[in-house]
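These notes concern the structure reproduced below.
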Amino acid sequence: MMSPFYRVIRAIVKVAVYLYFRIRKYGVHNIPKEGACIICCNHTSISDIMFMAVLCPRQIHFMAKDELFKNKILAFLFSKLGAFPVNRRTGDKSAINHAEEVLKQGQILGIFPEGTRHTDGAPHKAKPGTAMLALATKAPILPSAVYREKAKVHPFQKATFRFGDVMTYEEYAGEETGKAAIRRVSELITEKITGLWEMKH
């Protein structure tokens with residue numbers, strides 16, 4: 001369920017997004033209507049967050065880099081929208097605990113598994129954090145991808161956003177344990193996102 005504040009901000013952003021971008025969307029029906037889910041996407045621009053929030057019919061709780069929370073006004077806004085900071089330079093236990101709580105409450109967690117933006121536009125290797133979280137919580141994973149012909153964002157640019165098929169814990173867990181399991185699930189996430197991205201427009 002969306003909070004009233006999130007619903008209002010999403011409506012405002014939706015108008016801006018459809019005015020300034022030419023968006024194609026596929027697979028929105030793959031987003032679970034209820035229950036916990038980790039949405040994973042490649043990351044090229046801050047606009048990726050806006051696209052995901054606008055296209056997803058449920059509120060997404062984004063795990064965002066802590067640098068975005070240094071400004072008190074932005075920190076207040078992001079927090080009200082359900083986002084929370086993560087220190088990418090350390091094993092941020094508080095962020096991990098918060099993410100686990102989001103999933104335990106049956107909500108959607110948004111993660112960019114590459115850990116940072118890549119301006120070349122192409123998906124990059126997923127860091128182990130997303131796989132670790134998924135394996136620990138047994139939450140379904142929904143791979144997604146945004147594709148632009150030019151990585152640099154500009155008004156009226158054509159962008160395609162695809163949501164893939166949900167992967168349940170039974171589908172992605174496998175028989176490995178420990179680091180081997182984390183490595184395999186990370187590779188699977190990278191593979192799924194890349195496959196969606198390669199479909200282009």
Side-chain angles (χ1 to χ4, degrees), residues 1-2 25-44 48-65 81-86 88 91-93 95-118 122-147 160-199:
M1 181 179 293
M2 293 184 189
K25 55 185 179 181
Y26 299 93
V28 175
H29 63 279
N30 290 331
I31 301 172
K33 292 181 172 58
E34 59 183 18
C37 182
I38 302 173
I39 296 184
C40 301
C41 185
N42 61 309
H43 195 22
T44 61
D48 301 335
I49 295 175
M50 296 189 296
F51 291 165
M52 292 172 70
V54 166
L55 296 177
C56 182
R58 296 173 59 192
Q59 181 169 348
I60 302 176
H61 297 262
F62 286 100
M63 180 183 284
K65 61 182 181 179
L81 291 173
F84 58 98
V86 58
R88 299 174 297 171
D92 193 337
K93 186 61 177 175
I96 294 171
N97 290 340
H98 190 108
E100 290 179 347
E101 188 60 31
V102 167
L103 295 169
K104 286 179 182 178
Q105 292 176 4
Q107 302 182 80
I108 291 184
L109 177 68
I111 296 181
F112 299 105
E114 300 160 324
T116 188
R117 285 180 288 173
H118 292 283
H124 288 247
K125 183 178 179 180
K127 293 184 179 298
T130 304
M132 291 173 63
L133 185 60
L135 289 166
T137 61
K138 299 185 179 181
I141 299 173
L142 178 63
S144 59
V146 59
Y147 175 83
T160 298
F161 209 104
R162 296 181 186 274
F163 295 94
D165 295 323
V166 171
M167 297 186 291
T168 65
Y169 175 77
E170 291 73 21
E171 292 172 325
Y172 68 73
E175 298 180 356
E176 301 96 335
T177 59
K179 291 182 179 181
I182 294 170
R183 181 169 57 253
R184 193 184 65 79
V185 175
S186 296
E187 291 172 351
L188 180 60
I189 291 171
T190 302
E191 175 187 319
K192 292 291 185 179
I193 292 175
T194 301
L196 292 168
W197 182 83
E198 288 178 342
M199 295 174 74

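- Shown here is Met2, whose CE atom has more than 12 heavy atoms of other residues, nucleotides or ligands within 6.0 Å.
- The closest side-chain heavy-atom distance from Glu101 to His61 is not below 4.5 Å.
- Between Tyr172 and Tyr169, the ring planes are perpendicular. Angles over 60° get that label, and only those under 30° would be called parallel.
- A donor-acceptor pair is defined here as one N or O able to donate and one able to accept, closer than 3.5 Å; such a pair exists between the side chain of Gln59 and the backbone of Leu81.
- When each of Phe62, Phe112, Phe51 is tested with His43 by the rule ring-ring contact (aromatic ring centres under 6.0 Å, His included), just one qualifies, namely Phe112.
- The number of heavy-atom neighbours closer than 6.0 Å to NZ of Lys127, taken from other residues, nucleotides and ligands shown, is 12 or below.
- Within the 3.5 Å criterion, the main-chain N or O of Gly178 finds no donor-acceptor partner in the side chain of Arg183.
- With hydrogens and angles disregarded, no donor-acceptor distance shorter than 3.5 Å links the side chain of Arg184 to the backbone of Glu175.
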For side chain to side chain contact (heavy atoms under 4.5 Å, CB included), just list the numbers for Ile31 and Ile108, CA-CA rounded to whole Å, side-chain angles, deciding distance to a tenth of an Å, and then say yes or no.
-> CA-CA 10 Å; Ile31 301 172; Ile108 291 184; 4.0 Å; yes
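- Here the side chains of Lys179 and Pro128 are not in contact, with every heavy-atom distance at 4.5 Å or above.
- Residues Phe163 and Gly27 come closest through the heavy atom pair CB-O, 3.2 Å.
- Remark: of the listed residues Thr130, Leu133, Thr190, Thr130 is the sole one forming a side-chain contact (heavy atoms from CB on, under 4.5 Å) with Pro113.
- Asn42 contributes a side-chain N or O that, together with a main-chain N or O of Val146, makes up a donor-acceptor pair within less than 3.5 Å.
- Between the Arg162 side chain and the Ile193 main chain, no donor and acceptor come within less than 3.5 Å of each other.
- Of all heavy-atom pairs between Pro143 and Lys192, the closest is CB-CB, 3.7 Å.
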